[in-house]
Amino acid sequence: MMLSIIITGFGTGFVNDAHAAKKFKFTMQNMFSLNHPITVAVAKMAKEVKKNTNGQVIIQVLPSGALIKGPNIFETVGNGAIDMGTTCSCYHGGILPVAATAFALPGDPRGVDQILEFIYDEEVLKFYRDAYAKVNVFYGAPLVMDGYTIVSKEPITSWEDLSKLKVRASGTIAKTLQKMEVPTVFIPFSEIYVALSRGTIDAEISGSHTESYLAKTFEVAKYQTVPDISGAQNCEVIINQDRWNELPENLQVAFEKELKACSTHVAALFAAENQVVREKMEAQGAEYVELPQDVVKKWISTAVSMWDEDLSKDELSAQYIQLVKKDLKKRGYDL
């Protein structure tokens, strides 16, 4: 009897030790350049995950384009061809329309910090994860950067100034401008600089002030408008749902802690870079111009009507818009 007990006890301990030592390797396709703030934050996250799971969870971060191009990462993670990745939600609106709705929502007055708080609200995070789970993707963490701004060759000091511009824009931003009877044209991102320098367009909307600096468009269109005309750009860490489900609960908890830390790190890196970029651009002649309040109000009211009339045709997008409105009301915004 005693021998039987000893052997049984030994066997149980052996199984537990073997389970505890099991390793889970995740191959991650990053879509951002080597010096991008998100790349820096993701690399740190991978190290911290390995450290805080005692080496049980290992993330191999692949450089941009190594296996898959950015627009294809979401679908490839969902079908399990790769374990995880970084992407921006605008890329997979064709698969999950609510993702495009949530990306840089026109007229959303909230900045990076408020949108991060919003996404990490328990109800909202559950909404994201339930929506992404429909296509076998685990929504790991938001990677949030500043929203869209207008970069123009002449300062916008009135509604009349804006209405006369020919603006390069795309997606819901273009739709908002069209509803305001502002002429828009689509030009590929790589051709914006030349179009501005030749006068083919008068202004462009393709990203944040920092992105204007990186693309050097401020050299040929020096006026940077504030505030942003959209909510923050929502990029994300995504993981194949089946691979995520393989992890024991304790490893999921440790992993998720580092995912959230990565979100915070990205926001901090962008905030620091934005200040440096502004100083550099102003030193080279760029000017920050504040949009008049009547223009801001008209932009927001037009965009909000589009939320209800156009974006809410999709059921999940309609639910998302209601969550946004609930948060805006709680924060005291009057739209």
Side-chain angles (χ1 to χ4, degrees), residues 70-75 77-79 85-112 114-148 169-180 184 186 205-207 228-239 241 263 298-331 333-335:
N72 301 320
I73 289 174
F74 186 83
E75 183 177 10
V77 168
N79 66 30
T86 58
T87 183
C88 291
S89 57
C90 58
Y91 283 145
H92 36 276
I95 300 172
L96 198 63
V98 67
T101 298
F103 182 82
L105 186 64
D108 186 344
R110 299 171 300 173
V112 170
Q114 289 186 342
I115 286 182
L116 263 182
E117 288 177 5
F118 166 69
I119 294 175
Y120 272 110
D121 176 86
E122 185 177 349
E123 180 183 15
V124 179
L125 188 58
K126 183 179 185 304
F127 171 82
Y128 267 93
R129 288 185 171 164
D130 288 348
Y132 279 52
K134 294 178 185 295
V135 287
N136 203 38
V137 172
F138 177 74
Y139 180 88
L143 305 173
V144 182
M145 64 184 84
D146 286 346
Y148 284 96
S170 61
T172 52
I173 299 289
K175 287 182 180 178
T176 304
L177 287 166
Q178 289 158 12
K179 283 180 178 289
M180 299 168 75
T184 67
F186 176 75
I205 304 172
S206 63
D228 295 338
I229 60 168
S230 79
Q233 299 177 63
N234 294 327
C235 298
E236 57 208 13
V237 177
I238 55 171
I239 304 170
Q241 187 71 60
S263 284
K298 187 165 186 176
W299 172 265
I300 291 176
S301 63
T302 304
V304 171
S305 69
M306 187 187 68
W307 297 357
D308 297 328
E309 294 167 11
D310 295 343
L311 300 182
S312 292
K313 291 176 182 177
D314 168 65
E315 183 179 350
L316 285 176
S317 293
Q319 293 175 30
Y320 177 79
I321 293 298
Q322 290 309 308
L323 289 170
V324 169
K325 288 183 175 181
K326 179 180 176 181
D327 187 66
L328 290 171
K329 184 176 181 180
K330 181 178 70 176
R331 295 179 186 277
Y333 289 104
D334 182 15
L335 302 185

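Throughout, numbering of the chain's residues begins at 1 and tracks the sequence.
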Check whether any side-chain heavy atom of [X] lies under 4.5 Å from a side-chain heavy atom of [Y], and answer yes or no.
X	Y	answer
Leu96	Val137	no
Met145	Cys235	yes
Tyr91	Asn72	no
Tyr128	Pro142	no
Asn79	Asn136	no
Leu311	Leu105	yes

With distance as the sole test, does [X] use its side chain to make a donor-acceptor pair with the main-chain N or O of [Y] at under 3.5 Å?
X	Y	value
Arg110	Asp327	no
Trp307	Gln322	no
Ser230	Gly147	no
Arg129	Gly140	yes

Chi angles and distances behind the side chain to side chain contact (heavy atoms under 4.5 Å, CB included) call for Asn234, Ile119 = CA-CA 10 Å; Asn234 294 327; Ile119 294 175; 4.1 Å; yes
Can a salt bridge be assigned to the pair Asp310 and Lys179 using a cut-off of 4.0 Å between side-chain N and carboxylate O?
-> yes
Identify whether the distance between the nearest side-chain nitrogen and carboxylate oxygen of Glu117 and Lys330 falls below 4.0 Å.
-> no
Hey, mind stepping through Tyr320 and Asp314 against side chain to side chain contact (heavy atoms under 4.5 Å, CB included) and telling me if it holds?
-> CA-CA 10 Å; Tyr320 177 79; Asp314 168 65; over 6 Å; no
With sequence neighbours excluded, residues passing side-chain hydrogen bond (donor to acceptor under 3.5 Å, both in side chains) with Lys298 = none
Contacts of type side-chain hydrogen bond (donor to acceptor under 3.5 Å, both in side chains), residue Thr172, not counting sequence neighbours |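 Scan of Thr172 (side-chain hydrogen bond (donor to acceptor under 3.5 Å, both in side chains), adjacent residues dropped) gives none.
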Please determine, by modelled atom types, if Ser89 and Glu236 share a side-chain donor-acceptor pair under 3.5 angstrom.
->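 Note: Ser89 and Glu236 side chains miss the donor-acceptor criterion.
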Phe138 and Val77: CA distance, side-chain angles, deciding distance, side chain to side chain contact (heavy atoms under 4.5 Å, CB included) verdict = CA-CA 9 Å; Phe138 177 74; Val77 168; over 6 Å; no
What distance do Met306 atom CE and Ile321 atom CD1 have between them, rounded to the nearest 0.5 Å?
-> 8.5 Å
Residue pair Asp308, Lys325: steps toward the side chain to side chain contact (heavy atoms under 4.5 Å, CB included) verdict | CA-CA 11 Å; Asp308 297 328; Lys325 288 183 175 181; 2.7 Å; yes
For the residue pair Gly207 and Tyr148, what are the closest heavy atoms and their distance?
->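 Minimum heavy-atom separation between Gly207 and Tyr148: N-CD2, 3.0 Å.
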Which class fits the ring pair Phe74 and His92: parallel under 30°, tilted 30 to 60°, perpendicular over 60°?
-> parallel
